[in-house]
*Asks:* 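Before we start, here is the structure in question, set down as structure tokens.
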Amino acid sequence: MRQSVRALGWAITLSMLLTFAFLVTAIYSMVQTMIESQGIGLGEVQAEFSDGRLTLSIPLNINNTGYYDLSNFNVTLILKGPDGTVISSQSSILERVERGSTATSWSNLTIDMAELLSGMEYLLFNDSEFKLDMLLTFRYAYALTFQVRAANISIPWGAPLYNFSITGIGAPYNISLTECFIDVYFGFENHSPFSVEGTLRLKIYNDGGEYLGSGSQTINVPPQQGFRGYVTVHIENLMKYTGSGYIEVSFESPVLGLIDLGRVDYG
Amino acid sequence: MAEKEEKSLREWASIILPRVLRAALWGFIMGGELLIPLQLPDFGGQIENFFPQSQMSFTQMVLIFVVLEVAIQLLQGTIIKYALSMARTIISMIALFLVTNGGVISIVISSTPETPLPPGQTIAFTVDFSAILGIFLIFSLLSIVKNLLQAVDFLSRKAEEPVTIPEFP
């Protein structure tokens with residue numbers, strides 16, 4: 001009996017040592033992979049625009065330099081607006097990343113621009129930043145579960161109509177007894193990753209709030225470009241033109257939908 | 001008579017001293033050496049930070065191990081040694097569970113000069129090794145069984161030893 005008990009004791013001690021060694025090497029290897037080798041990291045975010053939807057493709061690069069395999073690699077991304085509201089979320093799964101190998105998991109966050117900007121109109125005119133929450137869950141060495149949650153990763157947002165302003169109003173021309181034309185000058189900078197393409201419409205009123213006429217101008221401004229132009233407004237009722245009043249500005253675009261840009265006083 | 005008493009004191013010393021030395025040595029091996037770096041303010045604090053959610057500090061756990069190991073070594077050759085061994089295993093099971101928060105340890109990293117992060121950004125790491133902890137607990141249960149069997153063996157050996165009844169003068 002004494003020999004059996006002693007054998008049991010040695011078996012327990014040996015098994016405990018082996019299990020402990022496995023645990024230590026697994027945690028050490030994982031920490032080395034993540035911190036020393038930077039084995040898990042976000043790549044460069046790519047933006048693509050089509051059919052009124054902005055798709056942010058976010059690569060997660062995994063370089064497994066550790067001693068064991070990574071499995072059930074689950075990436076969840078939650079994109080939040082500057083005010084914290086959830087705009088889009090997406091999950092993707094990588095079945096296995098064997099030791100010594102690399103893999104890239106692409107997560108595509110799709111944003112309906114018209115829907116986004118209808119709720120957050122200030123994003124049209126102001127540069128801001130989105131917040132990205134990233135949750136990584138994976139098993140290491142098929143025994144340990146790791147979870148990494150990175151909160152509030154900043155993604156800069158460039159306003160498509162940054163610093164939009166009516167820069168001036170020209171003198172009336174082609175004046176007849178009943179009508180005339182006025183050029184209204186405007187400018188903005190497109191800081192967004194997509195082209196601002198659409199029709200700018202102006203409606204002009206006198207200081208009594210009476211409708212005088214309207215004009216429109218088609219524009220196409222590439223990303224990261226400034227734009228200065230004018231809209232020719234046809235004053236249909238010259239008798240009511242007093243030289244002061246306000247202009248209602250709207251912009252219609254296949255990307256952004258119909259946006260009311262507000263009212264600007266003139267004169 | 002005095003010569004006999006002196007001899008018995010020497011005998012006691014020859015029994016106790018090796019035990020104390022052995023207890024000190026094993027106490028040092030079985031955790032005592034860990035207590036030294038744990039008392040260092042920088043290193044000890046870092047180790048303790050790995051177990052932020054536990055109800056028992058790592059130093060306390062090591063201290064319990066050392067005390068029990070010393071007691072076990074001092075009480076070699078008695079049944080109490082086996083009882084203490086079993087008690088140590090049970091305490092270690094409970095302590096391991098508490099210290100590791102059931103095998104789930106979380107660390108939150110905020111921006112520091114060593115790991116600069118953008119303002120407001122935090123990274124939280126969670127390691128779930130509850131499966132490994134479960135294996136350790138099963139081994140600990142086997143260890144209790146082993147100690148129980150050793151205690152039974154010890155008692156049976158004691159029962160077989162001849163009993164010398166002292167004669168009356």
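The sequence lines fix the lettering, A, B, ..., with proteins before strands; numbering per chain opens at 1.
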*Asks:* Sort A:F22 into side chain, backbone, both or neither according to what part of it lies under 4.5 angstrom from a heavy atom of chain B.
*Replies:*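 Contact with chain B is through the side chain of A:F22 alone.
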
*Asks:* Side chains of B:I123 and A:V148: closer than 4.5 Å at any heavy-atom pair?
*Replies:*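 Answer yes - side chains close enough.
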
*Asks:* Between B:L142 and chain A, which part of the residue has a heavy atom less than 4.5 Å away: side chain, backbone, both or neither?
*Replies:* both

*Asks:* Can you establish whether the number of heavy atoms outside B:E33 located under 6.0 Å from its atom CD is more than 12?
*Replies:* yes

*Asks:* Locate the shortest heavy-atom distance separating A:A143 from B:A131; write the atom from each residue and the value.
*Replies:*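 What the structure gives for the nearest pair is O-CB, 4.2 Å.
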
*Asks:* Crowded around A:W10 CH2? As in, over 12 foreign heavy atoms under 6.0 Å?
*Replies:* no

*Asks:* Please determine whether side chain to side chain contact (heavy atoms under 4.5 Å, CB included) holds for the pair A:T19 and B:I132, giving the CA-CA distance in whole Å, both sets of side-chain angles, and the decisive distance to 0.1 Å.
*Replies:* CA-CA 7 Å; A:T19 313; B:I132 306 283; 3.9 Å; yes

*Asks:* Quick one: does A:M16's side chain get under 4.5 Å of B:S140's, heavy atoms only?
*Replies:*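 Of all side-chain heavy-atom pairs linking B:S140 with A:M16, at least one is under 4.5 Å.
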
*Asks:* Taking atom CD1 of A:I12 and atom CD1 of B:I138, what is their separation to the nearest 0.5 Å?
*Replies:* 12.0 Å

*Asks:* Can you confirm whether more than 12 heavy atoms, excluding those of A:F227, are under 6.0 Å from its CZ atom?
*Replies:*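 Yes, the 6.0 Å shell around CZ holds more than 12 heavy atoms from other groups.
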
*Asks:* Side chain, backbone, both or neither: which part of A:I153 has a non-hydrogen atom closer than 4.5 Å to chain B?
*Replies:* both

*Asks:* What distance separates B:S106 OG from A:R149 CZ, expressed to the nearest 0.5 Å?
*Replies:* 10.5 Å

*Asks:* Only pairs of heavy atoms separated by less than 4.5 Å count here; which of B:N147, B:T126, B:I135 has the most with chain A?
*Replies:*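 That would be B:T126.
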
*Asks:* I'd like to know whether OH of A:Y122 has more than 12 heavy-atom contacts from other residues, nucleotides or ligands below 6.0 angstrom.
*Replies:* yes

*Asks:* Which bit of B:S130 is near chain A, if near means a heavy-atom gap under 4.5 Å: side chain, backbone, both or neither?
*Replies:*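 Contact with chain A is absent: no heavy atom of B:S130 under 4.5 Å.
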
*Asks:* Less than 4.5 Å to any heavy atom of chain B: does that hold for the side chain of A:M134, its backbone, both, or neither?
*Replies:*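 When you check distances to chain B, no heavy atom of A:M134 falls under 4.5 Å.
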
*Asks:* Can you tell me if CZ on B:R22 sees more than 12 non-hydrogen neighbours from other groups inside 6.0 Å?
*Replies:* yes

*Asks:* State whether the number of non-hydrogen atoms from other residues, nucleotides or ligands found under 6.0 Å of A:Y142 atom OH is greater than 12.
*Replies:* yes

